[in-house]
Amino acid sequence: MTRSLLLPTLPVCADEVTQGYFSRLGHFHAGVDVVRFCGYFGLRPPDLRDGTEEFANALVAVYGAEADAVDRNLLRRISDDSFLLRGVTLSLPVLLRTTVRFCPDCVRDDAASHPELGQGAVRLRWSWLLRPVVRCPLHVTSMVECSTRDSAKAFDLPTLLAHHQMSATSAPPVEPHLQGKLQSYVLGWLDGRRDASAWLDKQTIAQGVKACEMLGSLIADGPEVEIKAYTEFDWARVGHLGFDVCVGGGDAISEALIAIRRMSGRRSGRTGPQAVFGKLYRWLEYADRAVDAGPIRGLVRDAIQNSFVIEPGELVFGEAVDRLRVHSVNSLKVKTGLNPKRLYRLLRKAGMIPEDTNQEA
Ligand SMILES: [Zn+2]
């Protein structure tokens, strides 16, 4: 096969997403945006967007490199809602598709270090496609976002920068509480590391991220917080907190849930699991794909069964409960016919009601 190599060759960098590299080629060699550049090779925008075989083959032909170099950082669609990047399956909750995030300092450095490449100097890092990554690991500044309705054009950072008239001015440093442990975990995962915690490492990256975020939100902001109003920085903040618990595994999470249950009883006497576990409960109970939530689901279900009166046959997260695990003073009253005040005193004396629980709860 005859290859029409584009010369001079523009080196592909290890930190950039392959589609972004293709977009750089278009700016450098032809001075056109990525969609027009696709047309030169008979590629349709969905080929670029989904990282199809046609796209990869065309790029190997013009780049003249081994397919491996192209393949490694190619974002490739593998199903309706999941993609493959660097050997990791990423579902949409972890992946940005029409929001483009970038570090202004990196963009400025790109342009300054390769002025001869013009707009082809700016690299779209693969790490910028990951939703939990909100600060630049290199410059420790907040990333900046712009959005496009077209997920093919989302790979064309130079054009987006021009359209949004965004300049490469420094973003403010991230706030100190955004230490970004969840972000570091996600970046490590994409680099092939599986050494954060056995509990996190045995689930998918989307499951681990969501578990950290939802648990962290409950711990930091309580059950009634309006998570729809969260910014990506809020998610990073609560994800960071939740990561600290989740990294300890199932026992640490169960302990945290029990502590939340106790605090909640003390504060308000609220008793229902939905009132106590708030958005974490609602996510597991009502989300379309709650089954995919991973091991956090079983832990929250256990915590509910161990601290609320759930009669056999009642549903928790769509599954019937097999046996009653705990009684309340009220449910014991029904079973034993004893006066609730007397029951409360007896149980308290027997050490079966924690000292710090108020009588209402
Ligand atoms: Zn940077």
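Ligands are counted one by one from 1 in listed order, and the atoms in each one are counted from 1 as well.
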Phe277 side chain near Leu284 side chain, heavy-atom distance below 4.5 Å: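 With C-beta onward as the side chain, the pair stays apart.
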
Student check: side-chain heavy atoms of Arg297 and Glu319 closer than 4.5 Å: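 The answer is yes; the side chains approach within 4.5 Å.
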
Tell me which donor-acceptor pairs under 3.5 Å the side chains of residues 241-260 have, and how far apart each pair is, sequence neighbours excluded?
residue: Asp244; atom: OD1; partner: Lys181; partner atom: NZ; Å: 2.7
residue: Asp244; atom: OD2; partner: Lys181; partner atom: NZ; Å: 3.4
residue: Ser254; atom: OG; partner: Gly250; partner atom: O; Å: 3.0

Side chain to side chain donor-acceptor pair (under 3.5 Å) partners of Glu54, counting only residues at least two apart: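 Scan of Glu54 (side chain to side chain donor-acceptor pair (under 3.5 Å), adjacent residues dropped) gives Thr52.
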
Cut-off under 2.8 Å, centre the Zn ion (ligand 1), protein N/O/S atoms: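 The answer is Cys103 SG, Cys106 SG, Cys136 SG, His139 ND1.
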
Output side-chain donor-acceptor pairs under 3.5 Å for residues 186-194, partner residues at least two apart or in another chain, one line each.
residue: Asp191; atom: OD1; partner: Arg86; partner atom: NH2; Å: 2.7
residue: Arg194; atom: NH1; partner: Trp189; partner atom: O; Å: 3.0

Main-chain N/O of Arg125 paired to Glu16 side chain as donor or acceptor, under 3.5 Å: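 No; judged by distance alone, with no hydrogens or angles, the pair does not exist.
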
